[in-house]
Novice: 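If you scroll down you'll find the structure; I have some questions about it.
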Amino acid sequence: MSLKIYNTLTANKEIFVPVRPGKVGIYLCGPTVYKPSHIGHAVGPIIFDAVKRYLSYKGFEVTWVVNITDVDDKLIEEAAKQGCTVPELAHRVTENYLAALEQLGVHGIDHMPLASEHIGGIIAMCERLISRNAAYVSGGDVYFDVSADADYGKLSHRKPDEQQSGSRELASGQKRNPGDFALWKAAKPDEPPEVQFDSPWGKGRPGWHIECSVMASHYLGETFDIHGGGMDLIFPHHENEIAQSETCHGVPFAKYWMHNGLTRIGTKKISKSDPEMARRMGELTLGNLLSKYSAELLRFCVLSTQYRRPIEFSDEDLDAKRKGLETFYRLFERIQRITGQDPYASGTDLDQIHSSVNGEVEQAFVLAGLNHRARFLEAMDDDFNTGGAIGVLFELAGCINRFMEEQRLDTRHDARLATLAAAAVQTMRSIAAMLGLFEQRPVRPDASSGLVNQLMEVIIAVRAQARSDKQFALADLIRDRLAALDIRLEDRPEGTHWRQGR
RNA sequence: GGCGGCGUACCCAAGUGGACCAAGGGGACGGAUUGCAAAUCCGUUAUUCAUGGGUUCGAAUCCCAUCGCCGCCUCCA
């Protein structure tokens with residue numbers, strides 16, 4: 001099986017062949033850090049984190065770069081509003097963003113460069129483009145001349161002269177053509193000094209697109225493998241990156257362009273300025289969501305859908321997904337009860353146990369487990385179909401539960417069969433790890449104190465007495481009253497367990 | 001106006017020409033289990049994939065048209 005990736009450039013699924021054998025370079029457009037990040041800013045990193053994990057699993061050596069744009073009109077505006085410097089604002093927002101990514105299990109980013117740290121490279125690129133007659137200086141600004149790039153528009157499949165010029169016309173006083181875009185912007189007198197950089201054209205700062213071109217080639221080379229971002233970046237941002245990079249270096253820029261679907265509210269994308277949308281966006285802030293839902297649930301939600309499709313993060317949806325996730329947590333708890341071993345610690349998996357298993361039922365079980373893994377990998381090979389892959393995970397869970405049910409492992413002690421079930425769980429965890437799921441025991445939002453534990457022991461003991469005395473009305477009353485406190489009791493053969501939440 | 005995408009059950013969602021079945025999750029309803037529950041397992045819940053044509057031995061999947069929704073062309077992950 002070979003990996004296929006949908007490439008926006010060709011509008012087709014293509015077999016993935018890296019530029020350099022064995023190595024993969026990935027560049028993902030990160031946020032402009034001027035206000036708290038929303039869930040949409042985490043979607044790309046979560047998806048590409050899974051992409052990197054999968055490529056690593058397939059044996060590639062992956063380098064993944066996510067940029068932070070920390071010099072920009074919006075930052076200047078927002079910093080002025082807050083009465084702080086641009087770097088202070090950028091730093092604060094970036095720190096929050098990084099903390100959220102950390103929580104979300106996005107650990108694979110190798111480099112996170114700041115635009116402000118690559119001013120030298122940006123200026124050099126501008127100069128080179130000017131020397132190639134692809135850019136021109138105009139009143140302290142530097143513009144890229146779109147007419148210098150014969151295949152401009154190849155990513156978004158559009159022709160510049162057929163587009164509505166719109167408000168772009170207004171800001172084009174210095175431009176030769178409305179489609180031209182700024183590589184360098186001259187400083188305005190009222191702008192703070194920390195965003196005024198020296199350049200051959202006077203004080204100023206980079207335009208929007210060039211920092212990505214510079215940083216991508218700096219870390220990954222002039223030609224690299226995968227460039228990603230939200231669908232809304234296809235035009236003009238990525239189109240312009242291609243134009244300036246390929247004109248500057250004379251070689252292809254990124255080989256594969258992957259664009260993720262956008263987060264929506266209802267049927268609308270989240271980034272409109274009407275008040276209702278703004279209010280809902282506030283709810284979808286990363287900080288806010290992480291305070292309401294577990295990071296693993298958010299990650300699970302993102303990956304439950306194929307990355308090119310739009311996603312909505314409604315409470316109803318998150319709730320339904322959370323119930324699904326519980327299936328896995330319960331399976332792990334059950335394995336722990338049966339084997340006494342921590343399923344989150346590494347242990348023997350089906351591969352290791354495979355050859356030593358005998359017995360028809362046992363062998364069938366091992367084979368079924370390995371078959372699920374094969375189907376999981378097949379889904380991932382098909383343009384990182386994480387939604388399909390998660391479906392396979394659910395089926396595997398059902399398969400393992402069925403085995404334990406049929407073998408009555410909850411009540412019957414059979415170390416050999418229990419080990420088998422535990423091995424299947426290990427195999428499940430090893431593939432789920434490609435999605436960054438089930439790496440550690442879920443943290444219950446309201447962890448119980450020692451006193452609560454002790455009180456629960458007392459209550460359960462009292463109820464157990466009532467049950468053995470057949471005072472079921474009393475036993476049920478206790479259970480109902482606890483349920484009202486969001487505490488669930490589960491009477492199992494070996495005793496009563498309790499849990500908070502569902 | 002130009003370019004692009006989407007429409008699969010009550011909800012979310014995979015599948016994008018075939019060789020057994022349109023995955024899976026949530027919900028609902030039955031059954032096993034349980035003192036009753038919870039959890040788990042089993043079964044039911046789309047002869048059908050927005051609609052109408054067409055291509056094909058064969059289509060949810062390709063083509064055309066229609067309807068509906070959305071994105072980009074201006075800052076946006």
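In what follows, chains are A, B, ... by sequence order, proteins preceding strands, each numbered from 1. Every value quoted in this text rests on a predicted model; they were computed, and no experiment measured them.
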Novice: Take the protein atom CZ of A:Arg264 and the nucleotide atom C1' of B:C6, then report the distance between them rounded to whole Å.
Specialist: 8 Å

Novice: Pairing check on B:C49: which nucleotide meets the Watson-Crick or G-U wobble criteria with it, both distances under 3.5 Å?
Specialist: none

Novice: Is the A:His259 ring parallel, tilted or perpendicular to the A:His238 ring (thresholds 30°, 60°)?
Specialist: tilted

Novice: Starting from C1' on B:G4, measure out to NE2 on A:His238 and report it in whole angstrom.
Specialist: 16 Å

Novice: Applying a 3.5 Å limit to both distances, which nucleotide forms a Watson-Crick or G-U wobble pair with B:G24?
Specialist: B:C12

Novice: How far does the C1' atom of B:G17 sit from the matching atom of B:C12, given to the nearest Å?
Specialist: 27 Å

Novice: Select base, sugar-phosphate, or nothing to describe what A:Gly44 touches, counting heavy atoms under 4.0 Å on all strands.
Specialist: nothing

Novice: Using whole Å, report how far CD1 of A:Ile338 lies from P of B:U40.
Specialist: 13 Å

Novice: Scan every strand shown for a Watson-Crick or G-U wobble partner of B:C6, both distances under 3.5 Å, and answer none if you come up empty.
Specialist: B:G68

Novice: Please identify which of these residues, A:Lys321, A:Arg322, A:Lys292, meets the salt bridge (Lys or Arg N to Asp or Glu O under 4.0 Å) condition with A:Asp315.
Specialist: A:Lys292

Novice: Rounding to a whole Å, what distance do you find between A:Leu489:CG and B:A38:C1'?
Specialist: 9 Å

Novice: What's the closest nucleotide to the side chain of A:Thr263 if the choices are B:C41, B:A13, B:A77?
Specialist: B:A77

Novice: Measuring centre to centre across the rings, with the benzene-like ring taken for any Trp, is A:Phe313 within less than 6.0 Å of A:His38?
Specialist: no

Novice: Using modelled atom types only, decide if a donor and an acceptor are shared between the side chain of A:Asp382 and the backbone of A:Asn385 within a distance under 3.5 Å.
Specialist: no

Novice: Watson-Crick or G-U wobble partner for B:U61, using a 3.5 Å limit on both distances?
Specialist: none

Novice: I'd like a table of atom pairs between the protein and nucleotides 23-30 of chain B - only N or O on both sides, under 3.5 Å - with the distance next to each one.
Specialist:
unit_1: B:A23; atom_1: O2'; unit_2: A:Glu395; atom_2: OE2; d: 2.7

Novice: Starting at CG of A:Asn67 and ending at P of B:A77, how long is that distance when rounded to a whole Å?
Specialist: 10 Å

Novice: Rounding to the closest angstrom, what is the interatomic distance between B:C70 and B:U55 at atom P?
Specialist: 34 Å

Novice: Report yes if at least one side-chain N or O of A:Arg499 is closer than 4.0 Å to OP1 or OP2 of B:A39; otherwise report no.
Specialist: no

Novice: Hey, are A:Lys74 and A:Asp72 close enough for a salt bridge, meaning a charged N less than 4.0 Å from a carboxylate O?
Specialist: no

Novice: May I ask you to decide whether A:Arg499 forms a salt bridge with A:Glu490, counting only side-chain N to carboxylate O separations under 4.0 Å?
Specialist: yes

Novice: How are the rings of A:Phe328 and A:Phe394 set relative to one another: parallel (under 30°), tilted (30 to 60°) or perpendicular (over 60°)?
Specialist: tilted

Novice: Which residue lies toward the 5' end of RNA chain B, A:Ile311 or A:Ile39, if each is placed at its nearest nucleotide?
Specialist: A:Ile311

Novice: Relative to the 5' end of RNA chain B, which residue comes earlier, A:Lys13 or A:Gly228, by the nucleotide with the nearest heavy atom?
Specialist: A:Lys13

Novice: For A:Ser37, report the nucleic acid contact type (base, sugar-phosphate, nothing); a contact means any heavy atom under 4.0 Å.
Specialist: nothing

Novice: Would one find a side-chain N or O of A:Arg467 under 4.0 angstrom from OP1 or OP2 of B:U34?
Specialist: no

Novice: Round to a whole Å and report the spacing from CH2 of A:Trp257 to C1' of B:G4.
Specialist: 17 Å

Novice: Students often mix this up, so state it plainly: with edges at 30° and 60°, are the rings of A:Phe224 and A:Phe253 parallel, tilted or perpendicular?
Specialist: perpendicular

Novice: What is the pairing partner of B:G30, taking Watson-Crick or G-U wobble pairs with both distances under 3.5 Å in any strand?
Specialist: B:C42

Novice: How many whole angstroms separate atom CD1 of A:Ile400 from atom P of B:A39?
Specialist: 19 Å

Novice: Within the structure shown, what part of the strands sits under 4.0 Å from A:Glu406 by heavy-atom distance: base, sugar-phosphate, or nothing?
Specialist: nothing

Novice: With both distances under 3.5 Å as the test, what is the Watson-Crick or G-U wobble partner of B:G35?
Specialist: none

Novice: Strictly below 4.0 Å: does A:Arg402 bring a side-chain N or O up to OP1 or OP2 of B:C42?
Specialist: yes

Novice: Just call it for A:Asp317: base, sugar-phosphate, or nothing, with non-hydrogen atoms closer than 4.0 Å on any strand.
Specialist: sugar-phosphate

Novice: Less than 4.0 angstrom from a charged side-chain N to a carboxylate O is my criterion; do A:Arg479 and A:Asp476 meet it?
Specialist: yes

Novice: Rounded to whole angstrom, note down the P distance from B:G52 over to B:A59.
Specialist: 15 Å

Novice: Using a heavy-atom cut-off of 4.0 Å across all strands, would you classify A:Leu393 as base, sugar-phosphate, or nothing?
Specialist: nothing

Novice: Is any side-chain nitrogen or oxygen of A:Asn385 closer than 4.0 Å to OP1 or OP2 of B:G15?
Specialist: yes

Novice: Atom CZ of A:Phe384 and atom P of B:A14: how far apart are they, to the nearest Å?
Specialist: 16 Å

Novice: Reckon A:Gly153 touches a base, only the sugar-phosphate, or nothing at all at heavy-atom distances under 4.0 Å?
Specialist: nothing

Novice: What's A:Asp491 touching, base or sugar-phosphate or nothing? Going by heavy atoms closer than 4.0 Å.
Specialist: base

Novice: With both distances kept under 3.5 Å, what pairs with B:U74, Watson-Crick or G-U wobble?
Specialist: none

